[in-house]
Amino acid sequence: MTLTFNNQQIETDKQGYLLDYQQWHEELALLIAEKEQLTLTPAHWEVINFVRNFYLSYKKSPAIRALTKAMKAEFGEEKANSRYLYRLFPQGPAKQATKIAGLPKPARCI
Amino acid sequence: MQQKSLAILNSSSSFDRTQGRDALDIALIFGSYEQRVALFFQGEGVRQLVNRQQADIIQAKDYLATFSALPFYDVEEIYVCQHSLTDRALTTDFHLDNVSVLSAGDFAKKLQQFDMVLRF
Amino acid sequence: MSTLHLMRTSAYQQNDLTQCLDLLQANDAIVLLDDGCYNLSHHLLTANISNPIYHINEHAIARAMLDQKKISQAITLAELPALFFTFDKVITWQ
Amino acid sequence: MQSLAFIITTSPLDNRTVTSINLITAALHNNIKVLGVFFYQQGVCNANKDIIIASDEFQPLKAWQNLQQKYDIPLHLCVTAGEKHGLIVEEQQANIDDVFTLSGLGELVELSIQATRVIQL
């Protein structure tokens, strides 16, 4: 599977996750989000950038609990809950935010 | 939820088969389920803590970087056996903070405090 | 607190037994099964360990291993599950 | 009531797997409740129904099938390990025998909490 961006072919897996996270950039994120039928707001970007930085630091896409706990330290209580995150990413923040952030699909069991 | 405390005894070196990674995944999931989890490093397992390893050079997944995220999974206890370090001429120059270095005797006693032990 | 140690490897090949003995506490016991039965002749065990040692009889016989120094009590694999509950936990060395 | 849960990490070709199956059977014969078996690491290969072993050798899959059918013990397979070992293709149980159930590691947590003792093999 591939995504086409500026006549450039970007490889993805069957579910649309980038095969090489280093190919990611913000405009590509917009394209992936469009396929997910999401219009990105600053609130979405906050999470996407957070998830991406989490991955770059720890080499692991965070599961929901770890994500909320880590976000709590940075953004405070009101954004650090799964209800808030599910409202932004209805298909699941771990699955959807990592996909838009250009990261590998999180392991299903963690 | 009921509680059962888990000690994970790591005895394999950093890139020995998939031992370290598989142990870490278990730690993360037990932590996510709000169970008390501790990581113990004994024997060759202590090599997983050594600072400045570069997994990417040998195309290995850098799962050691994930250790620093353990607090987000509520895994706060990390113990290493001093005797195993000394045996290998290793210092306490680790790639993460909050590692408790215990004498062989204290290491064994600490392990006893847990309900269940899995070894990798 | 007490631990039952299931030893499945030979100390002639790996150092699991050494590590196990480093952790061994007064109320612990060791069960030798599979290749762990080769430890029946190993000096680490024959040199004054006061903890109970068991071995799985059929596993030792299969490997032509004899408990020549009488350091261990032979049990069958069928007797092992009941032992799990007489200790607080079980650690497997493999 | 005393209960056990087992974690199997050894390949079906490893003689230690025979030991594990005999041990689980022995527990059941002694009226010890076995809450489930969780297959992890190489252990997931025990679920591969396409493994062919000469008829004069031990048949691990047959033994697992017997255990599951006779005693109704859940046999859980770690999804991620299953994927890595080629047992799951496009979210389908490609070559996994029917007696096994696909589970996440969360199932291992549940088993661990419930069982009196967890035995890693």
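Order of the sequence lines sets the chain letters (A, B, ...), proteins ahead of strands, with each chain counted from 1. Hydrogens, waters and symmetry mates are skipped; everything else that's a heavy atom, side chains included, is used.
The line from CG of C:D34 to OG1 of D:T19 is 3.5 Å long, rounded to the nearest 0.5 Å. To the nearest 0.5 Å, atom OG of residue D:S112 and atom CD1 of residue D:I7 are 5.5 Å apart. Note that CZ of D:R16 and OG of D:S11 are 9.0 Å apart. Values are rounded to the nearest 0.5 Å. The distance from atom CG of C:L24 to atom OG of C:S50, rounded to the nearest 0.5 Å, is 8.0 Å.
Residue D:D97 is tested with D:Q65, D:K49, D:Q68 for a side-chain hydrogen bond (donor to acceptor under 3.5 Å, both in side chains); the sole match is D:Q65.
D:A115 and D:S3 get closest at one heavy-atom pair: CA-OG, 3.4 Å. Across every non-hydrogen atom of C:E58 and C:I75, the tightest pair is OE1-O, 4.0 Å.
Only the side chain of D:N30 comes within contact range of chain C, with at least one heavy atom under 4.5 Å from a heavy atom of that chain. Neither the backbone nor the side chain of C:I56 has a heavy atom closer than 4.5 Å to any heavy atom of chain D. Residue D:T25: no heavy atom, backbone or side chain, is found under 4.5 Å from chain C. For D:I32, the part lying under 4.5 angstrom from a heavy atom of chain C is the side chain only. For chain C, the nearby parts of D:L121 are the backbone and the side chain; heavy atoms of each come within less than 4.5 Å.
Of all residues spanning residues 86-94 of chain C, those with a heavy atom less than 4.5 Å away from chain D's heavy atoms are C:F87, C:D88, C:K89, C:V90, C:T92, C:Q94, arranged by number. Contacts between residues 3-13 of chain C and chain D, counted as heavy-atom pairs separated by less than 4.5 Å, involve C:L6, C:R8.
In this structure, the side chains of D:V18 and D:P60 stay at 4.5 Å or more apart for every pair of heavy atoms.
Counting heavy-atom pairs closer than 4.5 Å to chain C, the top residue among D:N15, D:V118, D:I119 is D:I119.
Under the 3.5 Å distance criterion, the side-chain polar atoms of D:N95 are left unmatched by any main-chain donor or acceptor of D:I51. Side-chain N or O atoms of C:E79 include one that pairs as donor or acceptor with a backbone N or O of C:T76 at under 3.5 Å.
Residue-environment remark: NZ (D:K33) stays at or below the threshold of 12 foreign heavy atoms within 6.0 Å.
Neither side chain, D:T80 nor D:E83, offers a donor N or O lying under 3.5 Å from an acceptor on the other.
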